[in-house]
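Worksheet: one structure, shown below.
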Amino acid sequence: CSARVAIAGFPQRFDAAAPFLAIASENDGAVPMAFVEDRVRATASDVVALTSAPPASWPRRASLFFRGADAPCHVSFMAPDVNDRLQSFLGPLLPVARLLSVPVLDFDKYQLKA
């Protein structure tokens, strides 16, 4: 089975007949939600958009998009302990990264929310 779960991104190679779940966020600075939405639309027309209420039966292909000011950023999809460890390691480097315009996969956004 070539089922896929695309969290905050989308695979380059994709079996259009395989089951999948795409999860993306409007506040993701690393992988824009529009990128994932475009790939989902281009890949299959039978994708069910999930909402906050669980469906009566799970579809074979679905997408879940978070919208609004409280939508998660790119690293918010990881476990909090992982983010905390990464923040303790990368945190001191974030001001330098910002100064040099180095992409930091939303660790800066996560640090501001924490």
Side-chain angles (χ1 to χ4, degrees):
C1 181
S2 58
R4 300 270 185 200
V5 176
I7 300 175
F10 204 81
Q12 289 182 350
R13 287 171 292 180
F14 184 75
D15 178 355
F20 78 90
L21 172 62
I23 301 173
S25 173
E26 187 173 67
N27 288 338
D28 188 335
V31 181
M33 189 167 69
F35 171 85
V36 178
E37 285 181 310
D38 290 346
R39 298 313 175 280
V40 167
R41 268 194 298 279
T43 302
S45 60
D46 64 342
V47 176
V48 175
L50 301 175
T51 61
S52 57
S57 65
W58 284 96
R60 182 172 160 78
R61 303 158 66 83
S63 63
L64 177 60
F65 296 133
F66 294 95
R67 300 181 192 280
D70 292 333
C73 64
H74 189 75
V75 297
S76 296
F77 290 107
M78 293 190 293
D81 288 349
V82 172
N83 282 333
D84 292 343
R85 299 284 189 281
L86 286 168
Q87 283 298 323
S88 67
F89 178 73
L90 295 174
L93 300 173
L94 289 177
V96 175
R98 279 189 210 102
L99 182 68
L100 298 173
S101 299
V102 174
V104 291
L105 300 176
D106 287 350
F107 282 104
D108 51 344
K109 290 181 185 179
Y110 184 84
Q111 186 182 48
L112 294 173
K113 283 188 170 188

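Values below: every heavy atom of this structure, side chains too, minus hydrogens, waters and symmetry copies. Please read all numbers here as calculations on a predicted model, not as lab measurements. Residue numbers run from 1 in the order of the sequence given.
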In short, Pro92 meets Gln87 closest at the heavy-atom pair CD-O, 4.2 Å
Shortest non-hydrogen separation from Met33 to Ala24 and the atoms involved: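 Smallest heavy-atom distance, with atoms named: CG-CB, 3.9 Å.
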Partners passing side chain to side chain contact (heavy atoms under 4.5 Å, CB included) against [X] (at least two apart in sequence or in another chain):
| X | result |
| --- | --- |
| Ala49 | Ser63 |
| Val96 | Leu100 |
| Arg60 | Pro19 |

Rounded to the nearest 0.5 Å, what separation is found between the CZ atom of Phe66 and the CG atom of Asn27? 11.5 Å
Residues passing the salt bridge (Lys or Arg N to Asp or Glu O under 4.0 Å) test with Glu37, sequence neighbours excluded, are Arg67
